[in-house]
Q: 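Before anything else, here's the structure in question.
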Amino acid sequence: MKFGIVVFPGSNCEHDCYHVVKHVLRQDASFLWHKDKTLSGSDCVILPGGFAHGDYLRCGAMAKLSPIMEAVGRFAREGGPVLGICNGFQILTEAGLLPGALVRNRSLQYLCADLHLRVESRESPFTRIFQPGQVLRMPVGHGEGCYYATPSVLKRLEAEGRIAFRYCDPKGALGEESNPNGSLQAIAGVLNEKGNVLGLMPHPDRCAEKILGNDDGRKLFESMIAAGPRRF
C-alpha cells in the first residue's frame with residue numbers, strides 16, 4: 001500500500017503522517033510537493049494538517065489552486081481514497097471535494113485539546129474496522145474548525161450516512177461542552193458521496209502509538225490498509 005502525502009508551503013504535520021504509515025505501520029510512503037502534477041502511483045492520498053500558504057487568505061483557499069489538486073480531484077472522482085486531516089479537511093472543502101466549510105471556532109480562539117469522537121459510520125475505507133458508536137480520543141489544534149453547512153446539506157449528510165465522526169463526551173453523549181468549536185450537529189468528520197474522501201479536524205496522526213499515551217488514531221490508518229489499494 002503506497003501512501004502519497006501532499007506537502008503545501010506551511011504544512012507541518014506531513015512528517016507525523018509519514019512516520020505513522022512508514023515506521024509504525026510499515027507501509028510505503030512518499031511526499032508529494034504541491035507543484036507536482038501526478039500522484040506518483042499512490043494508492044491513497046493524505047492532505048496533512050498545518051497552515052497551507054500561511055492561511056493568510058482563508059484556510060485552504062490558496063492550496064486548492066495548487067497544481068497537484070487537479071490530480072487529487074481526478075483521483076478522488078475515480079474512487080481513490082483521500083484523507084484530509086485538519087488543514088487538509090479545510091482544503092478538501094475549498095476544493096469542492098467535500099461539502100460545507102470550516103469557519104472560526106465558536107470562542108474565536110485557537111483550540112488545542114484532547115477531544116472525544118463517536119464513530120457514526122462504518123461505510124468507508126477509513127472507518128470500516130470501527131464499531132458504530134465507538135468512542136475515540138484524539139487531539140485537535142485549530143482556529144477554524146467549526147463545521148458549517150446549509151440545512152439542506154446537513155439533512156442530506158445525515159440521510160446518506162456521510163457523517164463519519166461527531167464530538168462527544170467520554171461516554172458517547174453529545175452536548176455543548178463536548179463540542180467546543182461549535183460545529184453544527186457536532187460534526188468532526190464527513191465523507192463524500194462515494195465514501196472514498198474523508199475530512200476530519202482531529203489528528204489521528206498524533207495519537208497512533210502507545211508511547212504517546214493514546215493510539216486511537218492508529219485504527220483509522222489500519223482501516224485504510226485493510227481496505228487495500230483499490231477504488232471505491
Q: Do Ser121 side-chain atoms and Ala164 backbone N/O form a donor-acceptor pair below 3.5 Å?
A: no
Q: Given His19 and Val24, is the side chain to side chain contact (heavy atoms under 4.5 Å, CB included) satisfied, shown in steps?
A: CA-CA 7 Å; His19 173 69; Val24 177; 3.7 Å; yes
Q: For the CG atom of Leu117 and the SG atom of Cys168, what is their distance to the nearest 0.5 Å?
A: 6.5 Å
Q: Should Leu47 and Leu65 be counted in the same cluster of Ile, Leu, Val, Met, Phe, Trp and Tyr side chains packed under 4.5 Å apart?
A: no
Q: Linking Ile, Leu, Val, Met, Phe, Trp and Tyr by side-chain heavy atoms under 4.5 Å, what else ends up with Ile211?
A: Leu212
Q: Can you tell me if Ser107 uses its side chain to pair, donor with acceptor, with the backbone of Gln109 under 3.5 Å?
A: yes
Q: Do you reckon Val135 sits in the same ILVMFWY cluster as Phe126, going by side-chain contacts under 4.5 Å, direct or chained?
A: no
Q: Between His142 and Asn181, is any side-chain donor less than 3.5 angstrom from a side-chain acceptor?
A: yes
Q: State the CD1-SG distance between Ile91 and Cys86, to the nearest 0.5 angstrom.
A: 10.0 Å
Q: Classify the ring geometry between His34 and His53 as parallel (under 30°), tilted (30 to 60°) or perpendicular (over 60°).
A: perpendicular
Q: Step through the shown structure and confirm whether more than 12 heavy atoms of other residues, nucleotides or ligands are within 6.0 Å of CD on Gln185.
A: yes
Q: Could you check whether any side-chain N or O of Arg106 sits under 3.5 Å from a backbone N or O of Asn179, counting only pairs where one atom can act as donor and the other as acceptor?
A: yes
Q: So, Ser11 side chain and Gly50 main chain: donor-acceptor pair closer than 3.5 Å or not?
A: no
Q: Do the side chains of Tyr110 and Val103 join up, straight or via other hydrophobic residues, at under 4.5 Å, putting them in one cluster?
A: no
Q: Set out, in order, the CA-CA distance, both residues' side-chain angles and the distance that settles salt bridge (Lys or Arg N to Asp or Glu O under 4.0 Å) for Arg128 and Glu222, then state yes or no.
A: CA-CA 10 Å; Arg128 60 181 51 192; Glu222 289 179 335; over 6 Å; no
Q: Out of the candidates Leu39, Leu97, Leu92, Asn196, only one should pair with Val82 under the side chain to side chain contact (heavy atoms under 4.5 Å, CB included) rule; please name it.
A: Leu92
Q: State, to 0.1 Å, how close Gly41 and Lys2 come at their nearest heavy-atom pair, and which atoms those are.
A: O-CD, 3.8 Å
Q: Aromatic rings Phe31 and Tyr18: how do their planes relate, parallel, tilted or perpendicular, breaks at 30° and 60°?
A: parallel
Q: Measuring from Leu136:CG to Phe130:CZ, what's the distance to the nearest 0.5 Å?
A: 5.0 Å
Q: Could you give the distance from CD1 (Ile5) to NZ (Lys22), rounded to the nearest 0.5 Å?
A: 10.0 Å
Q: Are Leu83 and Leu25 linked, directly or through other ILVMFWY residues, by side chains that come within less than 4.5 angstrom of each other?
A: yes
Q: Is Arg137 paired with Asp216 through a side-chain N to carboxylate O contact shorter than 4.0 Å?
A: no
Q: Between Glu120 and Arg118, does any NZ, NE, NH1 or NH2 come within less than 4.0 Å of an OD or OE carboxylate oxygen?
A: yes
Q: Please determine whether side chain to side chain contact (heavy atoms under 4.5 Å, CB included) holds for the pair Glu14 and Val7, giving the CA-CA distance in whole Å, both sets of side-chain angles, and the decisive distance to 0.1 Å.
A: CA-CA 7 Å; Glu14 66 270 27; Val7 181; 3.8 Å; yes
Q: What I want to find out is whether Arg58 reaches Glu144 closely enough, with some N-O distance under 4.0 Å, to be called a salt bridge.
A: no
Q: If you count every heavy atom of other residues, nucleotides or ligands that lies below 6.0 Å from Glu70 atom CD, does the total exceed 12?
A: no
Q: In this structure, would Phe232 and Leu220 fall into the same cluster of hydrophobic residues linked by side-chain contacts under 4.5 Å?
A: no
Q: Using 0.5 Å steps for rounding, measure from the CG atom of Asp215 to the SG atom of Cys207.
A: 8.0 Å
Q: Examine distances only and state if a side-chain atom of Asp169 and a backbone atom of Ala173 form a donor-acceptor pair shorter than 3.5 Å.
A: yes
Q: What verdict does the side chain to side chain contact (heavy atoms under 4.5 Å, CB included) test give for Gln131 and Val119, after you've listed the backbone C-alpha separation in whole Å, the side-chain angles of each residue and the deciding distance to 0.1 Å?
A: CA-CA 7 Å; Gln131 295 300 317; Val119 178; over 6 Å; no
Q: Does the distance from a Lys or Arg side-chain N to an Asp or Glu carboxylate O, for Glu78 and Arg74, drop under 4.0 Å?
A: no
Q: How far does CD1 of Ile163 sit from CG of Leu191, to the nearest 0.5 angstrom?
A: 9.5 Å
